[in-house]
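Note that the structure is a prediction, hence the values are computed from the model and not measured.
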Amino acid sequence: MSLSGDELFAAGRFDEAMAAYRQILAKDPADAAARMGLDAILERARTEQPNALLRELLLQAFADDGANWEAVGWGAANQLLVGWPQDNDLAVLAADPLLREFLRKSLNRDAALERRLIALRRAVADALLAAEAPGEAIVALADALAEQAWHNEYIWPDDATVPDGPAAAMFRPSATPRADVIEERRLAAEIPEIAPIVDAVSQSVAAMYEANPYPRWTHLARRPTVDVRAALLHDFPHAAPVDFGDGPLQVLMPGAGTGQHPLTVASSYAGAQVTGVDLSRASLAYGKRMASRHGIANIEFLRGDILDLAKLGRTFDHAECVGVLHHMADPRAGLMAISSVLRPGAFLRLGLYGEGARTLVVRARRDIEAAKLPATLDGLRDFRRRVMTGQWRRLRGLTEWEDFWSASLLRDLCFHVQEHRYTVSRVRSFLEGSGLNFLGFEFNVGASQRADAGAGPLALYAARFPSERTLSDLANWEQLEREKSGLFPGYAFVCQKM
């Protein structure tokens, strides 16, 4: 019997897996599982020389609105670098469709490619300024570079010698707002509010995300439909079985941000009705605009503080709150507020920062404070300059972080107004008395969020504690963390309301 693409992928037989996924997509281009599998391979694909097949597959992915453009962008960046003309020939680069598609649809996260793109931007600006009627290819490349500038929120250095006009769009925001920004401003005023936000830290966090809605994203990758409760019961068979009947699965998403995670849930969880709550109207309006763009109607967006969830007067069957509670003044109070609106048996997915994994970020935060760098675009640019030029050499490792590459991402990473960090010991204390039963950790890897490298920690636990087969004893995990530093890049885990 031949192996499936996913089985080949799990076995590390990527060429065969890629062929299997391509065969499925040739028959059914809308097959979400095959698309996701192929994107995960393209995400990891690296060659030392240009590869014609990879370029073709990457272009096909960028032409598919359901592909994961964030994931395939990693492979595209590699192909652009290894194929970059040694003489920086502008005509060759302007004629490269992969370069234009990458710039329009992926956020660059490669330092070497950023240096080349910044130099290319200047060359394109010079060509635009020198010619009365620049060629179509140069204009198209300029438009693509301007779109990349929009994606990274103008985090690259400005150049004051480039005058306002068509070339300036590659360097700085236009004085005229984009149509989608105008639409978001209208939508923001219409978003219902649970209650006025009165907590001082919540107000500061709200102001931050009003200025920099997080994250800025361009499309929603197609995902296979999943019965999330059945999937979690499969992954955590020691969980209590639960039956909420045949009605919609009421899903709560506290800290909804700009809607990327909630809309992924709304579009892929079977029978879901999603409620997204966030402090920032600007972020929620972004999500609401994207919901309309993708035709997703089974979601509502509410402005409010997690602390006020009880004022909704409703309960939920499932909740996901990833990367949120550690930005509250009292994360434990936020957890209790979420727990209070969950029905017995409801699952809760949580994600928290890890103390060990953020050592470099803590150093960065201290250096930022000492240098008095403001959380403005100029301050963010100054910080990146110091890191990338080696002036702040000890922070150079931040260029390996996915969140270094745009204004909103970097502000959230290193300039956040509030941050708590955890160890397994602190997670244990955090959950005690919450009415939630810890079921286990989830180990996801890469932008495609495929759990193909999770066997390491889980296998380590199983070997170390063979009699504890649920892999859910936090005291055991605490011991493993003491024995093996770096075991957790952060804490993603699932609980169940008792």
Side-chain angles (χ1 to χ4, degrees), residues 109 111 201 205 214-215 255 320-332 334-335 348-370 383 387 392-405 409-432 434 436 438-447 449-465 468 471-495:
R109 288 180 163 97
V201 169
V205 172
Y214 169 90
E320 302 198 3
C321 186
V322 178
V324 177
L325 294 180
H326 46 232
H327 292 313
M328 298 183 69
D330 184 354
R332 165 80 176 180
L335 179 70
L348 168 63
R349 268 197 170 111
L350 286 171
L352 299 170
Y353 285 155
E355 185 72 70
R358 291 184 71 82
T359 302
L360 189 59
V361 173
V362 172
R363 285 188 203 143
R365 290 171 66 89
R366 289 172 180 163
D367 288 351
I368 289 166
E369 184 177 1
F383 174 73
V387 172
W392 283 1
R393 188 176 301 275
R394 71 174 188 158
L395 301 181
R396 193 63 181 267
L398 286 172
T399 60
E400 302 298 321
W401 289 57
E402 293 186 18
D403 284 0
F404 186 75
W405 303 98
L409 293 175
L410 182 58
R411 188 172 183 186
D412 189 84
L413 176 67
C414 294
F415 287 74
H416 207 288
V417 297
Q418 178 72 21
E419 177 176 312
H420 296 270
R421 296 170 297 277
Y422 288 82
T423 61
V424 173
S425 176
R426 293 173 199 164
V427 170
R428 287 180 65 191
S429 299
F430 181 64
L431 293 175
E432 286 177 358
S434 64
L436 298 164
F438 176 82
L439 296 179
F441 289 109
E442 295 184 307
F443 295 91
N444 293 325
V445 181
Q449 292 300 291
R450 292 181 59 87
D452 60 310
L458 297 174
L460 181 65
Y461 183 105
R464 187 74 171 77
F465 308 104
E468 204 295 285
L471 286 72
S472 64
D473 189 315
L474 281 170
N476 290 345
W477 280 112
E478 186 176 350
Q479 183 174 336
L480 278 182
E481 186 174 52
R482 286 196 301 267
E483 295 173 359
K484 187 177 176 62
S485 62
L487 185 65
F488 289 95
Y491 303 99
F493 55 96
V494 177
C495 297

Heavy atoms, side chains only, cut-off 4.5 Å: are [X] and [Y] in contact?
| X | Y | result |
| --- | --- | --- |
| L474 | L431 | yes |
| L398 | L410 | no |
| L409 | R109 | yes |
| F438 | D473 | no |
| Y461 | E468 | yes |
| L487 | L460 | yes |

Please enumerate all residues that pass salt bridge (charged side-chain N to carboxylate O under 4.0 Å, His left out) together with [X], with sequence neighbours excluded.
| X | answer |
| --- | --- |
| E419 | R358, R365, R421 |
| R363 | none |
| D367 | R394 |
| E478 | R428, R482 |

Which atoms form the tightest heavy-atom contact between [X] and [Y], and what is the distance?
| X | Y | result |
| --- | --- | --- |
| V424 | E481 | N-OE1, 2.9 Å |
| T359 | G356 | OG1-O, 3.0 Å |
| P331 | Y422 | CB-OH, 3.2 Å |
| L335 | S434 | CD2-CB, 3.8 Å |
| S429 | R332 | O-NH1, 3.9 Å |
| W405 | T399 | CZ2-O, 3.1 Å |

Got a sec, which residues hit side chain to side chain donor-acceptor pair (under 3.5 Å) with [X], two or more places apart in sequence or on another chain?
| X | value |
| --- | --- |
| Y353 | H327 |
| S472 | T470 |
| R426 | E355 |
| R464 | E483 |

- Output for pair (L325 CG, D330 CG), nearest 0.5 Å, gives 10.0 Å
- Query: Quick one: CG on L352 to CZ on F430, what's the gap to the nearest 0.5 Å?
  - Reply: 5.5 Å
- Message: Run the ring pair (Phe, Tyr, Trp, His ring centres under 6.0 Å) test against W392 and tell me which residues pass, sequence neighbours left out.
- Response: F383
- ring pair (Phe, Tyr, Trp, His ring centres under 6.0 Å) involving F488 - partner list, sequence neighbours excluded: F441, F443, W477, Y491
- Task: With sequence neighbours excluded, tell me which residues meet side chain to side chain contact (heavy atoms under 4.5 Å, CB included) with V322.
- Result: H261
- Contacts of type side chain to side chain contact (heavy atoms under 4.5 Å, CB included), residue Q418, not counting sequence neighbours: V201, V205, H416, H420
